[in-house]
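One structure is given here, and the rest of the page talks about it.
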Amino acid sequence: MRYLLIVFALLACKQPVRFNLGRAATASEIKAWDIDVRPDGTGLPEGSGTVGRGREIYAAKCAICHGKTGTEGPYNILVGAIDDTTKAKTIGNYWPYATTLFDYTRRAMPYNLPGSLTDNEVYSITAFLLHANKIIDSTTEMNKRSLPAIVMPARKHFVDDDRQGGPEVK
Amino acid sequence: MEEKKIKRRTLLAGAAAAASLAFMKIASGQLVPVQTADPTKTLGPPPGEIGTRSPFEKPLKITSDTSSRTPLQDLFGTITPSDLHFERHHGGVPAIDPHRYELLIHGMVDKPMIFTLADLKRFPSVSRIAFLECSGNFRSGKEKMTPQEICGLTSQSEWTGVMLSTLFREVGIHPKATWFLAEGSDAAVMTRSIPVKKGWDDAMIAYGQNGEALRPQQGYPARLFLPGWEGNTNVKWLRRIELSDQPFMTREETSKYTEEIKDGKIRQFSFDMDARSIITFPAYPVQLEKGWVEIRGIAWSGRGKITTVEISTDAGKNWYPAKLQEPVLDKAHVAFRYLWQWDGSETAIMSRAVDETGYSQPTLKQLVTARGNDMGGYHLNPVTAWIIKRDGQVLFKPEKWK
């Protein structure tokens, strides 16, 4: 009897796999929040943008923080020499994926009006900044196919952390 | 009960008429004690709905546009009062209605699900004391710097919440899912990619901090908490977790929280915070007096427990073990103490933490040797020295590396 009680107590204490709390998310709920864009282009929306249009939007909405040409600041300097990070970490010398530019601009920029840009505007600003960093020519249109195909100059420098503690300083 | 209240109020009114009250009402409506010539001859304030600090104590964070730093030198023990916990935001502090809060978990899962805050609180909960440190937590450059200015972007709390593994089981994680995206609901819609392994290991969705709800500055009503990992990965105001078989390469983990190391390489996903310590007393601006001094400070490691803190009082020639305050917790600040007799001669005092992986807190020179001159500002944990002048002035010893 006592043995049975102990077994029952053990069974009662065991954590279930599922608690049946929460609810199923609907497809439209997921779609409303699923805004990330991945290096392979997954998540990129329809639409497109050009360097020329991007230049106009940049002047109106971005230059106040990043400088007229993207090299002045005062906040994050966006344009700089490829492979030279000594002066500033820019899109040209420090961003490994072009898709990240779209993702971040769309989710967080402009700083004072986050999330206010249309997808076409984000494609255009992305095009302008990639051109300013000499990564694409002035005629390349940015869309969900052309953007993930860009190989960023900084990509080759990135390595994963291999530190695991222990006596070695890394 | 009501009668008592009236009586007390009458009493207070009478006392006010006699001008022998030792308290005042501050802007928030709280009654706080005020200084009088003799506190035994004046009536203090009654109990209040919320406590206050003594008006003689004014610990403050030092703020910038994007961060504020914990006054490490003003604290006792190892728990950071919640209102003094450091802050680092990327789009300010959002106001989120806890009744409308939802956490979405989707992607490579059996069943995409949404959890309300009430749902999260119904799951089995866990509390854990652990530090949280910004990976950009090192400042140098001048002698007149406090511990707060040098490394005030580390704080410690008792975090309460639900283990992420519990939620992982609830939604059913696809066996091929290796990463998840954590996304906040602030103006930056902050995102970081986190290995699923950390999710199964010790990640928490925290809603409690030091016994109360999270502070808004700490991610109210719920945040990701990843013990021992760089602050930025602990996404606040968490609204979405998406499972994937690869990292998402967000702006934060590519162009920001990465560091240049040797041979032109840039290190990415450097999550663990290395072992570190800082002497918080005596430290600038303390004026030291000759005689017995209890050297005090905190030490921590994102890779486990601190096993030893060594102290040098002769600028690094000799090292002796400090006393560690029990309990020494995993991935937590631990207080250390070392009794020393200062004879009035000029010297430098230093502390060096060792963790259970055998890692010993390096010097700045060792860090430069390992990573190169362009190592950037993340994951810097050098041994820090305080110069003690003959006149008792205590000054930070800044070291240049560029």
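Note that this is a predicted model, so its numbers are computed, not measured. Each chain gets a letter, A, B and so on, in the order the sequences are listed, and its residues count up from 1.
- Put simply, of B:Val189, B:Leu181, B:Leu103, B:Ile114, the one with the most heavy-atom pairs under 4.5 Å next to chain A is B:Ile114.
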Worksheet entry | Stepwise side chain to side chain contact (heavy atoms under 4.5 Å, CB included) check, B:Ile266 with B:Ile261 | CA-CA 6 Å; B:Ile266 300 168; B:Ile261 49 174; over 6 Å; no
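- Smallest separation of non-hydrogen atoms from A:Cys62 and A:Ile125: SG-CD1, 4.1 Å.
- Remark: B:Ala332 engages B:Gln156, B:Leu329 in a side-chain contact (heavy atoms from CB on, under 4.5 Å) (not counting sequence neighbours).
- Neither the backbone nor the side chain of B:Val354 comes within contact range of chain A; no heavy atoms are under 4.5 Å apart.
- Contact annotation: the side chain of A:Pro45 approaches that of A:Phe102 to within less than 4.5 Å [non-hydrogen atoms, C-beta and beyond].
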Worksheet item: Under the side chain to side chain contact (heavy atoms under 4.5 Å, CB included) criterion, do A:Leu130 and A:Leu147 qualify, and how do the steps go?
Response: CA-CA 10 Å; A:Leu130 290 171; A:Leu147 182 59; 4.0 Å; yes
Which atom pairs, one donor and one acceptor, sit under 3.5 Å between chain B and chain A?
residue	atom	partner	partner atom	Å
B:Glu102	OE2	A:Arg23	NH2	3.1
B:Pro112	O	A:Ala25	N	2.9
B:Ile114	N	A:Arg23	O	2.7
B:Ile114	O	A:Arg23	N	3.0
B:Glu170	O	A:Arg18	NE	3.0
B:Glu170	OE1	A:Phe19	N	2.7
B:Glu170	OE2	A:Phe19	N	3.1
B:Glu170	OE2	A:Asn20	N	2.6
B:Glu170	OE2	A:Leu21	N	3.1
B:Glu183	OE1	A:Arg107	NH1	2.9
B:Glu183	OE1	A:Arg107	NH2	3.4
B:Val189	O	A:Arg107	NH1	2.8
B:Arg240	NE	A:Trp33	O	3.1
B:Arg240	NH1	A:Asp34	OD1	3.1
B:Arg240	NH1	A:Asp36	OD1	3.0
B:Arg240	NH2	A:Asp36	OD1	2.7
B:Glu242	OE2	A:Arg38	NH2	2.7
B:Ser244	OG	A:Arg38	NH1	2.9
B:Met249	O	A:Thr100	OG1	2.8
B:Arg251	NH1	A:Tyr104	OH	3.4
B:Thr258	O	A:Tyr94	OH	3.4
B:Thr258	OG1	A:Tyr94	OH	2.9
B:Glu260	OE1	A:Thr85	OG1	3.4
B:Glu260	OE2	A:Thr85	OG1	2.4
B:Gly264	O	A:His157	ND1	3.4
B:Ile266	N	A:His157	O	2.8
B:Ile266	O	A:Val159	N	2.8
B:Gln268	N	A:Val159	O	2.8
B:Gln268	O	A:Asp161	N	2.9
B:Asp272	O	A:Arg163	NH2	3.2
B:Asp274	OD1	A:Arg163	NH1	3.4
B:Asp274	OD2	A:Arg163	NH1	2.5
B:Thr357	O	A:Gly166	N	3.4
B:Thr357	OG1	A:Gly166	N	2.8
B:Arg371	NE	A:Lys170	O	2.9
B:Arg371	NH2	A:Lys170	O	3.0

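- Remark: B:Lys400 engages no residue in a side-chain contact (heavy atoms from CB on, under 4.5 Å) (not counting sequence neighbours).
- Ranked by heavy-atom pairs under 4.5 Å with chain B, the list A:Pro114, A:Pro39, A:Gly166 is led by A:Gly166.
- Listed here is the closest heavy atom pair of B:Ile306 and B:Ala353: CD1-CB, 3.9 Å.
- Counting heavy-atom pairs closer than 4.5 Å to chain B, the top-ranked of the candidates A:Pro16, A:Gly22, A:Ala108 is A:Gly22.
- Heavy atoms closer than 4.5 Å to chain B are found in both the backbone and the side chain of A:Ile35.
- Of the two parts of B:Leu120, neither the backbone nor the side chain holds a non-hydrogen atom closer than 4.5 Å to a non-hydrogen atom of chain A.
- The neighbour count for A:Ile64 CD1, taken as heavy atoms of other residues, nucleotides or ligands under 6.0 Å away, does not exceed 12.
- If you measure heavy-atom distances from B:Phe271 to chain A, the contacts under 4.5 Å come from the backbone alone.
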